[in-house]
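The analysis underlying the following values was restricted to heavy atoms, covering all of them including side chains, and did not include hydrogens, waters or symmetry mates. Chain letters run A, B, ... following the sequence lines, proteins first, then strands; residues in each count from 1.
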2 protein chains.
Amino acid sequence: MSPPKDHRFRRRVTAWDVARAAGVNQSVVSRAFNAGSRVAPETRERLLAIAKELGYAPNALARGLLTGRTRLIGITTVQINSEISSRLLQNLGLGLLSVDLHPLLLPLSPQGVLADEIHRLFTFDVDALVLVSAAISPALVEACTAWGRPVILLNRVAPGHRLHSIRTDDYGGGRLAAQHLLERGAQSLAFVSGPADATNVQARRDGFFAAAEAAGQPPPRIVAGDFAYPSGVVAGRTLLGGPGRPDAVFCANDVMALGLMDVARELGIRIPGDLQVVGFDDITAASFAGYSLTTLRHDLDIVAAETVALLADLQRDGEASLVDRVVSARLIDRRSTHDL
Amino acid sequence: MSPPKDHRFRRRVTAWDVARAAGVNQSVVSRAFNAGSRVAPETRERLLAIAKELGYAPNALARGLLTGRTRLIGITTVQINSEISSRLLQNLGLGLLSVDLHPLLLPLSPQGVLADEIHRLFTFDVDALVLVSAAISPALVEACTAWGRPVILLNRVAPGHRLHSIRTDDYGGGRLAAQHLLERGAQSLAFVSGPADATNVQARRDGFFAAAEAAGQPPPRIVAGDFAYPSGVVAGRTLLGGPGRPDAVFCANDVMALGLMDVARELGIRIPGDLQVVGFDDITAASFAGYSLTTLRHDLDIVAAETVALLADLQRDGEASLVDRVVSARLIDRRSTHDL
DNA sequence: CTGAAAGCGCTTACAG
DNA sequence: CTGAAAGCGCTTACAG
């Protein structure tokens with residue numbers, strides 16, 4: 001086989017250049033860069049040195065095309081800019097790099113339809129897919145199934161499908177919230193909800209209600225929210241402005257809880273004296289001195305680490321038995337439920 | 001040329017399958033998928049229909065290998081989990097997809113050395129590189145220069161090098177902060193700084209000091225910070241706890257300003273009556289009712305849009321003249337400097 | 001307009 | 001242990 005002709009667009013340093021400089025066949029260069037291959041140790045060292053000098057490194061695309069393993073992991077996420085998603089993405093990305101896997105991103109606007117866009121990742125031949133906090137539509141499940149490679153859902157579930165799932169225990173977190181509030185003497189509970197299509201919000205609510213019922217409480221009052229700060233303010237005005245004010249509120253996320261706390265401050269309602277508040281997420285602002293919000297913490301490093309471990313296994317073994325890992329949420333006890 | 005044999009690892013649907021099903025040559029299938037190529041319109045339609053049925057789409061890796069354009073854009077960022085970085089990443093990613101470019105992520109831990117890791121992106125043959133708020137070391141500049149393809153710095157500069165730069169006007173923002181505070185009657189200014197290696201912090205400080213001097217003020221007092229909330233609290237205690245308390249503070253970012261405001265609240269110092277505060281970034285929490293922080297807003301959508309436009313140009317033309325775009329920061333006037 | 005062929009940069013059986 | 005060759009899935013001159 002002969003060395004390649006000049007490239008149309010640009011000239012890269014290739015294995016042929018190294019081979020020529022070393023006076024060996026190109027395939028030997030390839031072997032020098034593949035741990036498993038038989039090469040004379042001194043040959044390998046010599047080739048590696050020449051490669052370094054020439055600035056050569058194997059082209060990952062060509063390798064991927066040939067081996068069927070691109071080491072590319074498709075990651076798709078709506079709202080990278082939410083604190084939880086972005087922290088998860090950071091942890092995940094760092095973990096992937098540590099096992100020589102590379103995140104190819106497919107960010108989606110909230111209005112975007114994932115099932116339509118997902119094919120972009122397929123054309124790049126990603127080895128696996130990680131869906132971060134994305135809504136899982138039937139069309140999406142179908143596309144993933146037809147695709148035939150591993151898919152991991154983060155903080156979402158799609159029961160009855162061959163999709164791996166790694167997630168925070170939202171139900172357990174909801175239970176903890178109710179138990180904690182009741183232990184501290186709460187008499188009338190309320191819940192501020194999130195977007196209707198987020199399956200994890202439902203789980204948080206269900207856990208909260210179940211624990212309340214188990215303690216002999218009537219069903220908590222529910223106020224709608226959409227995860228954003230202003231909806232927490234609105235919920236606060238609704239719950240705290242009129243008669244029948246609850247003495248304990250569990251918000252489906254922290255940001256809304258902060259809005260509700262700001263309303264309480266405005267109305268002169270003392271926290272935790274007159275009102276206890278619990279959030280979910282443990283965002284940075286929850287620990288600010290001005291709030292000190294008790295909340296349920298996602299263990300995102302665990303979620304990320306488990307995801308990376310699973311992906312590394314899949315690279316080795318091709319397939320793995322279906323994973324459904326639930327990471328428990330931890331209650332972070334702060335002043336919004338707890339006087340110093 | 002004959003159709004390929006069975007693949008070692010898995011069988012994809014290829015252009016050959018479509019060609020066989022349609023009774024044409026594989027090259028015709030390729031042309032059907034390339035807008036610029038001559039194919040009989042009816043042939044194209046027929047092929048597209050068959051492709052759809054078979055679930056065929058051209059493999060982006062093979063295409064990239066051949067054309068020298070992968071449509072992959074390397075994006076590297078330290079701390080995706082900071083609100084500004086993650087919002088920038090979200091905007092950027094969305095913009096890239098809209099021009100059929102794909103973000104390959106290289107996240108870095110704060111201790112990570114970018115110059116060492118950057119080669120990973122080179123092996124994937126990315127068409128260009130975008131560095132988000134990364135420290136630009138000489139080694140990094142050298143690696144990028146040797147690589148020879150376009151590099152865009154976001155919110156950083158590296159004067160004297162062939163690296164494009166698109167950034168917020170930090171200096172101008174610093175000036176605006178000082179002017180705004182002085183207009184509102186501030187008598188003694190202070191500045192809470194950020195990490196020493198962030199070039200944008202220096203620019204904010206320089207602008208702030210320059211405008212103070214231009215107004216005949218003595219140089220503001222400086223307190224060190226590191227961008228994190230606790231350092232804002234410490235700065236607050238330092239500045240507000242002792243004698244010679246300033247009546248106006250400009251913080252290098254919002255998070256520290258919030259820490260300082262929480263200290264003021266604790267000490268019973270009224271904002272803006274006794275103390276005016278200005279931040280930088282306009283993070284979500286700055287607009288919370290409990291803070292209502294006046295701040296300088298990055299126009300991240302503009303930064304992202306300009307970046308995408310530049311990358312799209314580069315795809316078309318190969319090279320472009322060096323871009324150094326400065327996007328002005330906008331003062332967002334809230335209650336921390338302004339009674340209702 | 002379509003077909004046959006070369007080639008992108010690599011990996012991996014297959015000989016020797 | 002090394003060389004020669006085939007092939008991953010595509011694009012693009014080159015003929016006809």
Identified side-chain contact (heavy atoms from CB on, under 4.5 Å) partner of A:Leu154 from the options A:Leu88, A:Ile75, A:Thr77 | A:Leu88

Across all strands shown, which nucleotide pairs with D:dA13 by Watson-Crick or G-U wobble geometry, both distances under 3.5 Å?
-> none

State which residue, out of A:Asn155, A:Asp324, A:Thr199, fulfils the side chain to side chain donor-acceptor pair (under 3.5 Å) condition with A:Arg167.
-> A:Asp324

Look at the side-chain N and O atoms of A:Thr14 and state whether any lies under 4.0 Å from the OP1 or OP2 oxygen of C:dG9.
-> no

Checking D:dT2, D:dT12, C:dC10 against the side chain of A:Ala15 (C-beta onward), the nearest is C:dC10

Test salt bridge (Lys or Arg N to Asp or Glu O under 4.0 Å) applied to A:Arg325 - qualifying residues, sequence neighbours left out | A:Glu306

Touch check for B:Ala19, heavy atoms < 4.0 angstrom, all strands: base, sugar-phosphate only, or nothing?
-> nothing

For A:Arg20 and D:dG3, give me the distance from atom CZ to atom P, rounded to whole Å.
-> 14 Å

At under 4.0 Å, does any side-chain N or O of B:Ser27 touch on OP1 or OP2 of C:dT2?
-> no

Phosphate contact (D:dT2 OP1 or OP2) by A:Thr43 side-chain N/O below 4.0 Å | yes

Nearest-Å distance, CZ (A:Arg69) to C1' (C:dC10)?
-> 17 Å

Write down the distance between CZ (A:Arg71) and C1' (C:dT11), rounded to a whole number of angstrom.
-> 15 Å

Take the protein atom CG of A:Asn59 and the nucleotide atom P of D:dC8, then report the distance between them rounded to whole Å.
-> 18 Å

Salt bridge B:Asp17-B:Arg12, side-chain N to carboxylate O under 4.0 Å = no

When the distance from CG of B:Leu66 to C1' of D:dC8 is rounded to whole Å, what number comes out?
-> 12 Å

In whole angstrom, what separates A:Arg31's CZ from C:dC14's P?
-> 13 Å

Would you state whether a donor and an acceptor, one from the side chain of B:Gln26 and one from the base of C:dT2, lie under 3.5 Å apart?
-> no

Value in whole Å for how far the P atom of C:dC8 lies from CZ of B:Arg63 | 19 Å

Distance in angstrom units between B:Leu72 CG and C:dC8 P, rounded | 21 Å

Name the nucleic acid region contacted by A:Ala22, choosing base, sugar-phosphate or nothing; use a 4.0 angstrom heavy-atom cut-off, strictly under.
-> nothing

Any side-chain N or O of B:Asn34 under 4.0 Å from OP1/OP2 of D:dT11?
-> yes

So which nucleotide from C:dT2, D:dC10, C:dC10 ends up closest to the side chain of B:Pro58?
-> D:dC10

Name the nucleic acid region contacted by B:Phe33, choosing base, sugar-phosphate or nothing; use a 4.0 angstrom heavy-atom cut-off, strictly under.
-> nothing

Geometric class of the B:Tyr56/B:Phe33 ring pair [parallel <30°, tilted 30-60°, perpendicular >60°] | perpendicular

Gap separating the CG atom of B:Leu129 from the CG atom of B:Leu72, nearest 0.5 angstrom | 11.0 Å

Counting Watson-Crick and G-U wobble pairs only, both distances under 3.5 Å, name the nucleotide matched with D:dA4, or none.
-> none

Reckon A:Asn25 has a side-chain N or O less than 4.0 Å from the OP1 or OP2 of D:dA4?
-> yes

Counting any heavy atom closer than 4.0 Å, what does B:Val24 reach on the DNA or RNA strands: base, sugar-phosphate only, or nothing?
-> sugar-phosphate

